J.: 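Quick one: structure below, then a few questions.
Keep in mind that the numbers below use all heavy atoms, side chains included, and drop hydrogens, waters and symmetry copies. Quick caveat: nothing in here was measured; it's all calculated off a predicted structure.
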Amino acid sequence: MQNKVLISKQDIDKRVSEIAEEINRDYEGKNPILVGVLKGSFIFLADLVRKLSIPHQIDFLSLASYDNDSSSGVVRVNSDLTMNIEKRHVLIVEDIIDTGVTTTYILDNLGTRNPASLEFVVLLDKKECRKKEVPIKYSGFDIPDQFVVGYGLDYNQQYRNLPYVARL
Ligand code: IMP
Ligand code: MG
C-alpha cells in the first residue's frame, strides 16, 4: 500500500496525551470503566490508558457494522461486556464515528443497564457522514469523508498495525 499519511504518529501521540489529561481531571475519584469497542479501538485504548493517572478499570465490547469498506447499517454484537456497569461511570472508547449508527446502538443498549454516566471518547470523527446525532465527550480529530486505516483501523482486517492514520 502507498502511504498517504493523514495524521502522523507524533500528532496522534500529542492529542492522546491531551485527551488523557482531560479524563484525568474529569474522572478523578470516579474509578471509571473504559470500554474498548473491538477491534478498532485496541491501539487507541492501549495508548490512552497508559497516559491515565487515575484509578480505572477496562472492559471490551465487540461489535461490527461494517463489511469491508461500506457501511452495512446493521450492528452485530460479537461479544458483550464482562462487567456489571450499574451505577458505574462508563467511558466508551471508539476508533471512529462515521454514520453514528454504532454509537447510537451502544447508547441504547448500555443505557438500559443504568450506568451512573455513559460518555464517548473517539479518536476520529467523520462529522459529515452522520445519519444519527450522537453526543461525543472527547474527540481526537475531525476528518473528511474518506476511508482511513492504521492505528487500529482496518480494511479487510489489514493495516491495523500502522502507527499513523492513512487514507486508503
Ligand atoms: P458507524 O456506525 O457508521 O459510525 O461506523 C463506525 C464503525 O465503522 C467504526 O467503529 C469502524 O469500525 C468502521 N469505520 C467507519 N469508517 C471507517 C474508516 O474510514 N476506516 C475503517 N473503519 C471505519
Ligand atoms: Mg472496523
Side-chain angles (χ1 to χ4, degrees), residues 1-23 33-52 56-82 90-107 109-110 119-168:
M1 188 189 73
Q2 282 202 319
N3 286 346
K4 286 165 266 178
V5 179
L6 188 64
I7 309 171
S8 71
K9 185 177 188 293
Q10 290 75 15
D11 287 350
I12 294 171
D13 189 61
K14 183 165 169 278
R15 191 71 190 106
V16 173
S17 296
E18 289 168 358
I19 293 173
E21 263 182 50
E22 288 188 54
I23 294 172
I33 303 175
L34 277 84
V35 174
V37 182
L38 295 172
K39 301 174 195 169
S41 73
F42 80 111
I43 291 182
F44 178 37
L45 178 79
D47 280 350
L48 184 67
V49 296
R50 280 178 292 175
K51 294 172 190 287
L52 292 184
H56 64 276
Q57 295 173 314
I58 294 171
D59 204 353
F60 292 98
L61 188 62
S62 176
L63 300 174
S65 73
Y66 254 63
D67 291 314
N68 298 334
D69 65 352
S70 66
S71 181
S72 63
V74 178
V75 180
R76 285 198 320 263
V77 179
N78 294 332
S79 79
D80 203 349
L81 298 177
T82 64
V90 176
L91 190 52
I92 309 288
V93 183
E94 282 214 77
D95 53 354
I96 187 166
I97 312 272
D98 184 7
T99 61
V101 170
T102 306
T103 310
T104 304
Y105 179 87
I106 294 169
L107 256 183
N109 185 310
L110 300 194
E119 303 285 356
F120 289 84
V121 50
V122 308
L123 183 73
L124 305 172
D125 190 347
K126 289 187 189 173
K127 278 214 169 77
E128 60 195 83
C129 300
R130 207 68 100 246
K131 288 183 193 151
K132 300 204 174 194
E133 244 359 273
V134 284
I136 306 299
K137 186 157 185 176
Y138 311 98
S139 168
F141 302 91
D142 288 346
I143 61 166
D145 180 15
Q146 287 172 333
F147 197 82
V148 295
V149 295
Y151 201 72
L153 291 119
D154 72 304
Y155 171 70
N156 232 347
Q157 304 303 328
Q158 303 278 347
Y159 310 119
R160 294 192 194 273
N161 61 314
L162 297 177
Y164 47 81
V165 172
R167 288 187 203 99
L168 195 65

J.: Measuring only between side-chain heavy atoms, which start at C-beta, is Val165 closer than 4.5 Å to Ile143?
T.: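 Val165 vs Ile143: side chains apart.
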J.: If you look only at pairs with a residue in residues 134-147, which of them pass as a salt bridge (charged side-chain N to carboxylate O under 4.0 Å, His left out), with sequence neighbours excluded?
T.: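 Output for this query lists Lys127-Asp142.
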J.: With a 4.0 Å cut-off, would you call Asp125 and Arg130 a salt bridge?
T.: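 So Asp125 pairs with Arg130 through a salt bridge.
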J.: What is the minimum heavy-atom distance between Lys51 and Ala20, and which atoms define it?
T.: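 Looking at all heavy atoms of both residues, the closest pair is CB-CB, 3.5 Å.
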J.: Compare all side-chain heavy atoms of Val49 with those of Val93 and state whether any distance is below 4.5 angstrom.
T.: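 A side-chain contact is absent here, since even the closest heavy-atom pair is not under 4.5 Å.
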J.: Considering non-hydrogen atoms only, spot the tightest contact between Gln157 and Asp154 and give its length.
T.: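 In this case the closest contact between Gln157 and Asp154 is N-OD2, 2.9 Å.
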J.: If you define the side chain from C-beta out and look only at heavy atoms, does anything of Ile96 sit under 4.5 Å from Lys126?
T.: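 Heavy-atom side-chain distance check passes, below 4.5 Å.
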J.: Measure the CG-CG distance between Leu45 and Leu123 for me, rounded to the nearest 0.5 Å.
T.: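 So the gap between those two atoms works out to 12.0 Å.
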J.: Hey, which of Ile106, Ile136, Val134, Leu61 is the one that makes side chain to side chain contact (heavy atoms under 4.5 Å, CB included) with Glu94?
T.: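 The option that passes is Ile106.
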J.: Measuring from atom CD1 of Ile33 to atom CD1 of Ile92, what distance do you get when rounded to the nearest 0.5 angstrom?
T.: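 It is 9.5 Å, given to the nearest 0.5 Å.
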J.: So, using salt bridge (charged side-chain N to carboxylate O under 4.0 Å, His left out) as the criterion, who are the partners of Glu18 when residues are at least two apart?
T.: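 Salt bridge (charged side-chain N to carboxylate O under 4.0 Å, His left out) check on Glu18 returns Lys14, Arg15.
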J.: Near Glu21 CD, under 6.0 Å, is it more than 12 heavy atoms from other residues, nucleotides or ligands?
T.: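 No, CD of Glu21 has 12 or fewer neighbouring heavy atoms, counting only those of other groups under 6.0 Å.
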J.: State the CZ-CG distance between Phe42 and Asp47, to the nearest 0.5 angstrom.
T.: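 Taking CZ in Phe42 and CG in Asp47, the distance rounds to 10.5 Å.
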J.: Could you walk me through whether Tyr151 and Ile7 pass the side chain to side chain contact (heavy atoms under 4.5 Å, CB included) test, one step at a time?
T.: CA-CA 10 Å; Tyr151 201 72; Ile7 309 171; over 6 Å; no
J.: Which of parallel (below 30°), tilted (30 to 60°) and perpendicular (above 60°) describes Phe147 and Tyr155?
T.: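 Answer is perpendicular, since the angle exceeds 60°.
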J.: Once you round to the nearest 0.5 Å, how far does CZ of Phe120 lie from CD1 of Ile97?
T.: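 That separation rounds to 6.5 Å.
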J.: Looking at every heavy atom in both Cys129 and Asp98, which two are closest together, and how far apart are they?
T.: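 Scanning both residues completely, I find the closest heavy atoms to be CB-OD1, 3.0 Å.
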J.: What heavy-atom pair brings Ile12 and Tyr164 nearest, and what distance separates the two atoms?
T.: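 Closest approach of Ile12 to Tyr164, heavy atoms only: CD1-CA, 4.0 Å.
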J.: Just verifying a value: how many Å separate Glu119 CD and Leu34 CG, rounded to the nearest 0.5 Å?
T.: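 Going from CD on Glu119 over to CG on Leu34, the span is 12.0 Å.
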J.: Are the side chains of Ile23 and Leu48 in contact, using a 4.5 Å heavy-atom criterion?
T.: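 Yes, close enough: below the 4.5 Å cut-off.
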J.: For a 4.5 angstrom cut-off between non-hydrogen side-chain atoms, does Phe44 reach Asp95?
T.: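 Side-chain contact under 4.5 Å: no.
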J.: I need the minimum non-hydrogen distance between Tyr159 and Leu168, along with the two atoms involved.
T.: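 Closest approach of Tyr159 to Leu168: CE1-CD1, 3.7 Å.
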J.: Which value, rounded to the nearest 0.5 Å, describes the distance between Ser41 atom OG and Leu153 atom CG?
T.: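 So the gap between those two atoms works out to 9.5 Å.
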J.: So, do Leu110 and Leu81 sit near enough that their side-chain heavy atoms are less than 4.5 Å apart?
T.: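 Yes - at least one pair of side-chain heavy atoms lies under 4.5 Å apart.
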